[in-house]
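Can you read through this structure? Questions will come right after.
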There are 2 protein chains.
Amino acid sequence: MSGTSRSLSTKGHNPMTEATQTKADGGASGHEGVARGSGVTLWRQIAQRLEEEIHSGVLKPGARLPVEAELSETFGVNRHTLRRALAHLAEQGLIEATAGRGTFVKEPPLRYPIGARTRFSEIVSAGGREPFGRFLGSKVEDACPDVARELAVPEGTPVLRIESIHEADGVPISFGTAWFPHARLRDLDLVYAATGSLTRALATLGIEDYRRRETRITARPANGREIELLSLAPGRAVLVLERLDVEPNGVPLQWGRSSFAADRVQLVFKA
Amino acid sequence: MSGTSRSLSTKGHNPMTEATQTKADGGASGHEGVARGSGVTLWRQIAQRLEEEIHSGVLKPGARLPVEAELSETFGVNRHTLRRALAHLAEQGLIEATAGRGTFVKEPPLRYPIGARTRFSEIVSAGGREPFGRFLGSKVEDACPDVARELAVPEGTPVLRIESIHEADGVPISFGTAWFPHARLRDLDLVYAATGSLTRALATLGIEDYRRRETRITARPANGREIELLSLAPGRAVLVLERLDVEPNGVPLQWGRSSFAADRVQLVFKA
DNA sequence: CTAAATTTGTTCGTATGTATC
DNA sequence: TGATACATACGAACAAATTTA
């Protein structure tokens with residue numbers, strides 16, 4: 001049976017409101033397909049209908065939905081009922097509504113698998129998009145305490161710092177800084193700037209293989225630099241990803257910190 | 001040598017400003033330890049000094065730093081110079097400043113390793129903290145399309161939905177919803193509510209082992225519910241973690257979506 | 001609830017040393 | 001050498017957020 005609710009100990013309001021089902025009943029309807037008294041709530045039927053249209057491609061990413069008043073009319077329900085359906089879709093990340101602008105189908109996030117062999121270019125290519133690494137700048141500096149610790153070199157050792165933006169089909173996905181042992185990778189930055197691919201730049205310098213040792217993830221609101229470089233709206237979140245890559249023999253190759261436009265990627269870890 | 005800069009193609013401003021060093025020169029100083037003309041910029045010296053005090057425990061998590069005016073005076077520098085040092089520490093996540101309130105040493109985030117055997121209680125215990133799962137509510141409902149797909153059951157199959165908050169030492173860490181096949185796990189919610197541990201509740205029902213199959217991660221600004229349940233400041237980010245756990249034989253056991261207070265955890269993936 | 005005080009955040013201006021062309 | 005750009009550092013004032021009286 002559906003609808004058995006057991007709610008305990010929630011001082012204040014019940015957190016289960018989102019999923020409550022009602023056996024609403026109208027009269028003889030058949031307005032625009034929503035079946036009253038079918039055992040399935042109206043808002044669920046509407047949400048499912050819209051979800052199908054999005055997944056089937058009738059409603060394409062970026063498309064604007066009709067205004068709520070119009071939608072509620074075509075479905076033959078109250079605007080509140082329609083809004084509940086939209087709220088459900090918004091929670092799932094399928095649509096996004098902005099007051100005064102309208103409701104839009106969101107671009108599907110780039111599935112970004114993280115694993116021992118994570119390579120940006122391969123991930124993006126696998127998604128049928130065109131990867132590009134835009135070189136921003138580089139410099140040789142003395143390893144500060146945390147970089148020295150991660151790269152397992154003495155503090156003050158010269159390290160090569162590279163900043164870059166990663167794009168997929170011209171849309172900025174992430175931006176970040178990576179540090180490399182300078183002794184091992186002299187002029188990596190020049191090669192990277194020329195090729196736009198770290199994997200290829202490393203290969204040019206004789207490093208054919210490396211693997212991810214650790215990935216650490218946090219998130220926070222985007223700062224000014226991220227807003228600018230990733231074309232984000234103020235207040236949006238970024239995923240901050242710290243990573244350590246090592247050569248096959250275990251020697252640290254690069255440590256870096258990147259900011260990902262959180263609503264354009266979904267990091268995926270398979271166990 | 002330190003300071004070799006190779007900056008290209010950055011229309012506008014230079015992204016490498018943070019790391020440039022200058023050989024500034026003052027006079028015969030010795031004010032409060034900052035050495036003018038030592039080859040290291042004043043703000044770097046200050047940043048490093050404060051970082052040491054934080055790491056050594058002189059400045060404990062949650063401690064409030066002296067106000068900028070006072071700090072700049074004790075270091076014998078202009079307030080701008082001090083602020084540059086603070087900005088560096090804030091970027092590293094060591095401190096956090098709020099207008100009107102002050103500057104505080106941040107609590108180190110809970111390292112939250114994600115792997116095939118991720119168990120909330122074990123993670124928190126390993127960090128020397130006391131884990132607690134607070135049961136919020138549950139209900140039996142018909143599987144909606146996405147839950148059905150993830151749990152590999154037909155749409156409409158009864159599933160048990162459980163909402164809960166996870167705390168470490170009483171501080172809310174995450175809050176989320178998980179769906180379980182109801183047929184297999186009748187009354188799981190009651191046992192969970194009683195024990196406060198999902199692992200133990202599952203064991204009680206005869207499920208001794210399970211493993212993580214996939215973890216998907218995005219992030220976004222916290223919504224009203226998250227702000228309330230996780231005691232977040234508006235505008236803060238949450239990490240949204242979708243996970244699928246399966247039994248040893250590969251049968252889906254639970255699928256869920258949780259929101260983590262992004263500034264209280266750091267998800268760690270080891271390859 | 002309002003007003004004042006406190007504290008961080010932002011912007012303008014000035015000057016100086018260093019690196020680059 | 002000179003011109004230019006850039007990073008550092010100091011000074012003053014004001015804006016915005018928060019706490020306190």
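Throughout, protein chains are lettered first and strands after them, A, B, ... in sequence-line order, and every chain is numbered starting at 1.
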Give the angle between the helix axes at the two ends of the helix from C:dT2-D:dA21 to C:dC21-D:dG2, taking five base pairs at each end and rounding to 10°.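 Inter-axis angle at the termini of the helix from C:dT2-D:dA21 to C:dC21-D:dG2: 10°.
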B:Arg83 CZ to D:dA15 C1', straight-line distance once rounded to whole Å: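 Whole-Å distance recorded here is 12 Å.
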For A:Ala219 against B:Ala262, the heavy-atom pair lying closest together: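 In this case the closest contact between A:Ala219 and B:Ala262 is O-CB, 3.0 Å.
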Short side-chain N/O contact from B:Asn78 to OP1 or OP2 of D:dG11, under 4.0 Å: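 True: B:Asn78 side-chain N/O within range (under 4.0 Å) of D:dG11 OP1/OP2.
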With no hydrogens and no angle check, is any side-chain donor or acceptor of B:Ser72 less than 3.5 Å from a backbone partner on B:Glu68?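 Yes, the answer is positive, given that a donor and an acceptor are paired below the 3.5 Å cut-off.
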Salt bridge or not between B:Glu107 and B:Lys60? Use side-chain N to carboxylate O under 4.0 Å.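 Salt bridge flag = no for B:Lys60 with B:Glu107.
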Mark yes when over 12 heavy atoms from residues, nucleotides or ligands other than A:Arg83 sit less than 6.0 Å from its CZ; otherwise mark no.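 No.
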What pairs of donor and acceptor atoms, side-chain ones from residues 94-102 of chain B against any protein atom, are under 3.5 angstrom apart with sequence neighbours left out?
{"from": "B:Glu96", "atom 1": "OE2", "to": "B:Arg236", "atom 2": "NH1", "distance (Å)": "2.9"}

Would you please classify the geometry between the A:Tyr112 ring and the A:Phe260 ring as parallel, tilted or perpendicular, with 30° and 60° separating the classes?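 The rings of A:Phe260 and A:Tyr112 stand perpendicular, inter-plane angle above 60°.
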B:Glu68 CD to D:dA17 P: how many Å, rounded?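 After rounding, the reported distance stands at 16 Å.
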Just how far is it from atom CD of A:Glu247 to atom CD1 of A:Ile207, taken to the nearest 0.5 Å?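 One finds 4.5 Å between CD of A:Glu247 and CD1 of A:Ile207.
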For B:Arg64 and C:dT6, give me the distance from atom CZ to atom P, rounded to whole Å.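 In whole Å, C:dT6 P and B:Arg64 CZ are 12 Å from each other.
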What are the residues of residues 96-109 of chain B, sorted by number, that bring a heavy atom to within less than 4.0 Å of DNA chain D?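 By residue number: B:Ala99, B:Gly100, B:Arg101.
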Nearest-angstrom distance from the residue atom CD of B:Glu73 to P of D:dG11: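 Value for this atom pair: 12 Å.
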Contact check, side chains of B:Arg264 and B:Leu230, non-hydrogen atoms, under 4.5 Å: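 When only atoms from C-beta onward are counted, B:Leu230 and B:Arg264 do touch, with a gap below 4.5 Å.
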Would you kindly compare B:Leu82 and B:Arg79 by the position of their nearest DNA chain D nucleotide and give the one closer to the 5′ end?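 Its nucleotide being nearer the 5' end, the pick is B:Leu82.
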Reference residue A:Trp255; test side chain to side chain contact (heavy atoms under 4.5 Å, CB included); the match among A:Glu150, A:Glu214, A:Arg243, A:Arg213: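 Option passing the side chain to side chain contact (heavy atoms under 4.5 Å, CB included) with A:Trp255: A:Glu150.
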As a test of reading the structure: which of D:dT8, C:dT7, D:dG11 is closest to the side chain of B:Thr41, going by heavy atoms?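 Looking only at heavy atoms from C-beta outward on B:Thr41, the closest nucleotide is D:dT8.
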Ignoring the backbone of B:Arg84, work out which of C:dT7, C:dT8, D:dA7 is nearest its side chain.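 Closest nucleotide to the B:Arg84 side chain: D:dA7.
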Can you tell me how far P of C:dT18 sits from NZ of A:Lys139, to the nearest Å?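 It works out to 15 Å between those atoms.
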Can you identify which nucleotide, out of C:dT8, C:dC12, D:dA9, has its nearest atom closest to the B:His80 side chain?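 So the side chain of B:His80 is nearest to C:dC12.
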Interatomic distance where NE2 belongs to B:His88 and C1' belongs to D:dA7 [whole Å]: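 Distance check: B:His88 NE2 to D:dA7 C1' gives 16 Å.
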Any side-chain N or O of B:Thr81 under 4.0 Å from OP1/OP2 of D:dT8?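 Checking D:dT8 against B:Thr81, no side-chain N or O comes under 4.0 Å of OP1 or OP2.
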